Amino acid sequence: MILTVARKEFREIIRDGRIKWSALILAVMLVAALASAGQRFVDISAERESAQEVVNAQFAAQGEKNPHAAAHYGIYAFKPVTPLSFFDTGVGSYTGVSIWLEAHNQNDAEGEPARDATAIARFGELTAAFTLQMLLPLLVILLAFPSFAGEREAGTLRQVLSMQVAPVQLLFGKALGAAGALSVFIGPILLLGLIGLVVSPGGLGYLGHGVVLVIVYVIYALIFLFLTLAVSANVKSAQAALVVMVGFWAVSSFVLPRAASDVSRLLYPTPTAVSFQANIDEAMQSGIDGVSPDTVVQQRQKQTLELYKVETVEELPINFQGIIFDLQEKLGNEVFDKYYGELYAIFDQQTGLHQAFSIGSPRMATQLASMELSGTSLNQHLEFTNQAERYRRDLIEGMNQDITFNSGAGQSDYRADSALWASIEPFEYQPASLGALLTRLGPSFMVMFLWLALSIVAGVLAVRKVKVTLG
Amino acid sequence: MTGFKSVFFQEWVILKHNSTWWAILGLLLVLTVLAALNGSARTNQMAEMGAGLNQSEMQTQAALKSAVARWEANPEGDPPSVASPGALGLSVLSHYTVLPPTPLAALSIGQTDVQPTYYKVTAHPALTFLNEAEIQNPLNVLAGSFDVAFVIVFLLPIFIVALTFDLMSKEKERGVLSLVLAHGVSKTAFIIAKGAARALLIFTLLLLVGLAAVALTEPDLGSGAMWVRFGLWFLVVSLYAFFWFALALFVNSLNKPSVTNGVILANLWLVFVVVIPALVNVAATTLYPAPSRVELTTEMREATEIADQESAESREAFFFDHPEMVGGDANADQFFLQVLATDSAVERAIEPLMEEFDAQAQRRQDVVDLLQYVSPAIMAQNALNAVSGTGTERFTDFVDQVLTFHENWRGFFTGRIVKGSRMSAAEFDEIPAYNYRSLATSSVLRSTLSPATGLAIFVLILGVWSARRYARYPAV
């Protein structure tokens, strides 16, 4: 029986053509977005890879130099892209793509693509994820809103129900028919997208991510499908069903994300760049726990002299300057850990607020999941900056140790040769595994399943009521 | 126009008792008030920060000046190191150039969350401070802001469409139209009266909403400049509302069922507000892509390394010892000269790339300026940004002013560094000052009225077209 209803619903939707235009818009945008994503991935991944190679080569080719001068010269870490980074650009337009790793400083990522965008980019970027998040629900609504309400107006609903069709069968039959019609439009494009992912360089490793993404968007579409059916069964006219669902879509997809962003700013304000820097400078000068770096250096000097049982640093078998650099670096790192730690804790709270708001918005839950799977979430940007920072600290420590142990006491004209630069392992970003991402996505998945369950229950309750009122 | 008056007043009575109408209008009012409060919190925060920015800079400058003055009063030994223009310009002193908010800034955040509203100018090349950014959670920037411009551009059309999509189709479906025409009311009068009653209500509400927003956000309600901007704001908002109103009237003239009208209008909303802006953005960035920032990074690095190698000795010695441990002034002078040389070598090396950035950005902006006329939503957003002083034009003008100031500031110090002179206390007063010049009124008018004219043309075309269709509109 479900299949009969589904077949009838499917044929009606295809024949009716009421979603012809919206389906066409969605298909064209989706194809355009996926094609440009492929192109951008090829261009940008090549650019980042070659840039990383160039800076690695520049570092290795420094010639003879004092290691501390090399530490000042530093190296750059470029954020690699994956094929999925362009399916959903996520926060990628608003985060930097490279970090300068140098002595004494933890630098922020620089070169946000948004700097080169016009004001119009704020309407939204044409990505496949944006298209699916924005247009797919509307298509589903237009597809399903007259399902019950339209039949009620036409008087056919009474007939169907009098023919011993269980209301629940009717609901799932209609859902199946609509889903079938939808997959005729969207299915081939998503399949092409997955094939594109597999054939793109290094894309095979992201097939798992891609499949989970497809599931996420299928659930997203199903939520709107059952909600629309529930509303359609509940209200008097098709017109009312349309108004209610478009209203819900607009508020949950457009208003709530912006509301979340502003409320999170008000509740958990981030420091201004000026005060953030001023705090770091202050802590650098006077020490994080009130003990000034100079005092720390003097204490260490005393300890070292006692350890080696000598009177002056010149008598030490090592270069004490290297130890001073290392101390300064470690003290600085404590300061960075404190202030960046506080900042990232605020970011976490703000992200938590977005998660809380996503309880009211299937789109926000879907977006959070989509960005995470595409490797363009805030989380993953911060992971990249953290890994780069750990690399910086190891690099600088290595340089300072070379001064300490390989140069004479007080020898300021010490030169290390290219063997030292060549001994440095190049920076390589290790992205989180799919398993780790899925664990992290628990809250978003929960919200999505909750919405799906709620919308199905609402649909079932609504169709049951239809029977009662007609009986 | 037989029957205009009676239909008009009848419509008023109906609307007065229609709870859906009041719910929708009330929601619009509530959302606008919330957005206005949110915008004003943002603007106040920014204004407060901007005002406090140069305080510590001015204190430092004054302290340094008095240190030099003390030495001048009693010159013993070498002048203090703060008298060195190199130490001052290249390490100690800086000046914040601030873009102050204009009246109505709270109504449209525009690009102020991605574009800086201040720069920390130093004597180093401009690219060192032009890339600085305010701390932001990128997730928040991605979501955008809930400001009044958002309510107008995105939500107002949905409200208008919800109130007007069945304007005529409903009358027809219920058989009211033929009944009314049978009573000798002219078709034109009926349509115009119904439309006018709704339009009047919507515009009264928009005026109320606008005044409420201004009352909540503007500190100075007596300011003439603010009211001029408000006039422009209301003009743009009215034209935009008129556009959606005319579009709904036009779709009604297609003589389709109400439900079909609703579907068509929902699709048109999607096309104008979501699809076209996204496509225009893609068109601009594909036609004139920005040069690679990654390449900029590697080029800068290459240039820095070459410049540094030329003076490896002096620079390395300095890095090894650090400025705070520098032995003599001569050593430091040499170092600062070297910094200048490196700065200008790097600047020269990346100048072609920087020019390419600017040229491409300009071309992209030209594409967007032209293609905005395809979508009323883009026109409305651009005009609302211009009215609130958060548009592209004002920002570009601000950056130009900053760059000019930077030239002066830099010239002041580099001239003295090259001469190897020392700063006297009196010379501290000659350090260039930054004064922001407001964007010319004509420019504000132009960037508001051009899109407004585009909106008016859309309204006119739709109006004429609908009128012609309604002349042939079948009553049954």
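Chain identifiers are assigned alphabetically (A, B, ...) following the order of the sequence lines, protein sequences preceding nucleic acid strands; residue numbering begins at 1 within each chain. What you see is a predicted model; the values in this text were computed from it and never measured. Excluded from the calculations below are hydrogen atoms, water molecules and symmetry mates; all remaining heavy atoms, backbone and side chain alike, are included.
Only the side chain of A:S98 comes within less than 4.5 Å of a heavy atom in chain B; its backbone stays farther off. Both the backbone and the side chain of B:E134 come within contact range of chain A, with heavy atoms under 4.5 Å apart. Residue A:A241: no heavy atom, backbone or side chain, is found under 4.5 Å from chain B. With a threshold of 4.5 angstrom between heavy atoms, B:E295 does not approach chain A through any atom at all. Neither the backbone nor the side chain of B:I24 comes within contact range of chain A, judged by heavy atoms closer than 4.5 Å. Interface remark: B:F395 contributes no atoms to any contact with chain A (heavy atom separation under 4.5 Å). Within the 4.5 angstrom heavy-atom criterion, only side-chain atoms of B:V282, from C-beta onward, approach chain A. No part of B:L34 comes within reach of chain A, as not one of its non-hydrogen atoms sits under 4.5 angstrom from that chain. Proximity to chain B is limited to the side chain of A:T270, based on heavy atoms less than 4.5 angstrom apart. Of the two parts of B:V153, only the side chain, counted from C-beta on, holds a non-hydrogen atom closer than 4.5 Å to a non-hydrogen atom of chain A. A:F78 touches chain B through its side chain: at least one heavy atom from C-beta onward sits under 4.5 Å away, while N, CA, C and O do not. Using a 4.5 Å cut-off between heavy atoms, B:Q136 contacts chain A through both its backbone and its side chain. Only the side chain of A:M371 comes within contact range of chain B, with heavy atoms under 4.5 Å apart. Using a 4.5 Å cut-off between heavy atoms, B:A35 does not touch chain A at all. When heavy atoms are compared at a cutoff of 4.5 Å, A:A51 approaches chain B by way of both its backbone and its side chain. Of the two parts of A:Q58, only the side chain, counted from C-beta on, holds a non-hydrogen atom closer than 4.5 Å to a non-hydrogen atom of chain B. Interface residue A:V243: only side-chain heavy atoms are found under 4.5 Å from chain B. Both the backbone and the side chain of B:L139 come within less than 4.5 Å of a heavy atom of chain A. Residue contact with chain B, scored on non-hydrogen atoms closer than 4.5 Å, is absent for A:L139. For A:V255, the parts sitting under 4.5 Å from any heavy atom of chain B are the backbone and the side chain alike. For B:V294, the parts sitting under 4.5 Å from any heavy atom of chain A are the backbone and the side chain alike. Looking at B:V271, only its side chain comes within 4.5 Å of chain A, counting heavy atoms on both sides.
Ranked by non-hydrogen atom pairs under 4.5 Å with chain B, the options A:Q39, A:E112, A:M29, A:H354 are led by A:H354. The greatest number of non-hydrogen atom pairs below 4.5 Å with chain B, out of A:V263, A:T95, A:V274, A:I141, is found for A:V274. Ranking A:R48, A:H381, A:M134, A:R265 against chain B, the residue ahead of the rest is A:R265, based on heavy-atom pairs under 4.5 Å. Ranked by heavy-atom pairs under 4.5 Å with chain B, the first of A:M364, A:Q350, A:R258 is A:R258. If you tally non-hydrogen atom pairs under 4.5 Å between each of B:T260, B:T298, B:V141, B:L53 and chain A, the highest count goes to B:V141. Chain A forms more heavy-atom pairs under 4.5 Å with one residue of B:A290, B:S292, B:A361 than with any other, namely B:S292. Note on A:G90, A:A32, A:A278, A:S36: by heavy-atom pairs under 4.5 Å with chain B, the leading option is A:G90. By number of non-hydrogen pairs under 4.5 angstrom with chain A, the leading residue of B:V151, B:I378, B:L279 is B:I378. Of all the listed residues (B:A278, B:P138, B:G110), the one sharing the greatest number of non-hydrogen pairs under 4.5 Å with chain A is B:P138. Counting heavy-atom pairs closer than 4.5 Å to chain B, the top-ranked of the candidates A:G96, A:G92, A:A121 is A:A121. Your options are B:N137, B:L142, B:N281, and the one with the most heavy-atom pairs under 4.5 Å with chain A is B:N137. With chain A as partner, the option from B:G52, B:P257, B:A133 having the largest number of non-hydrogen pairs under 4.5 angstrom is B:A133.
Defined by atom type and a distance below 3.5 Å, a donor-acceptor pair is missing between the side-chain atoms of B:R364 and B:T285. Side chain to side chain, A:S93 and A:E125 meet the donor-acceptor criterion of an N or O pair below 3.5 Å. Using modelled atom types and a 3.5 Å distance limit, the side chains of A:S275 and A:T272 yield a donor-acceptor pair. If you check the side chains of B:E173 and B:S258, you find a donor sitting under 3.5 Å from an acceptor. A donor-acceptor contact closer than 3.5 angstrom is absent between the side chains of B:N385 and B:Q111. Inspection of the B:N140 and A:S264 side chains reveals an N or O donor paired with an N or O acceptor under 3.5 Å. Side-chain contact of B:Q365 with B:D369: a donor-acceptor pair under 3.5 Å is present, judged by distance alone. One side chain, A:D281 or A:Q277, offers a donor N or O that lies under 3.5 Å from an acceptor on the other. For the residue pair B:N131 and A:E110, no side-chain donor N or O sits within less than 3.5 Å of a side-chain acceptor on the partner.
Distance alone, capped at 3.5 Å, is enough to place a donor-acceptor pair between the A:T376 side chain and the A:D88 backbone.
Annotation: salt bridge (Lys or Arg N to Asp or Glu O under 4.0 Å) contacts involving residues 269-293 of chain B, sequence neighbours excluded, comprise A:D116-B:R293.
The line from CG of A:D108 to CG of A:L343 is 8.5 Å long, rounded to the nearest 0.5 Å.
In terms of heavy-atom proximity, B:I109 sits nearest to B:D147 at N-OD2, 2.7 Å. The shortest non-hydrogen separation linking A:S261 to B:G144 is OG-O, 2.9 Å. The two residues B:R42 and B:S145 come nearest to each other via the heavy atoms NH1-OG, 3.2 Å.
Between A:H68 and A:F325, the two ring planes are parallel [angle under 30°; tilted spans 30° to 60°].
By the side-chain hydrogen bond (donor to acceptor under 3.5 Å, both in side chains) test, B:N261 is found to be paired with B:S169, B:N252, residues two or more places apart in sequence or in another chain being considered.
Under a cutoff of 6.0 Å and an axis angle of 45°, B:R301 and A:Y73 form a cation-pi pair.
When ring centroids are compared, B:F159 and B:W269 stay outside the 6.0 Å threshold.
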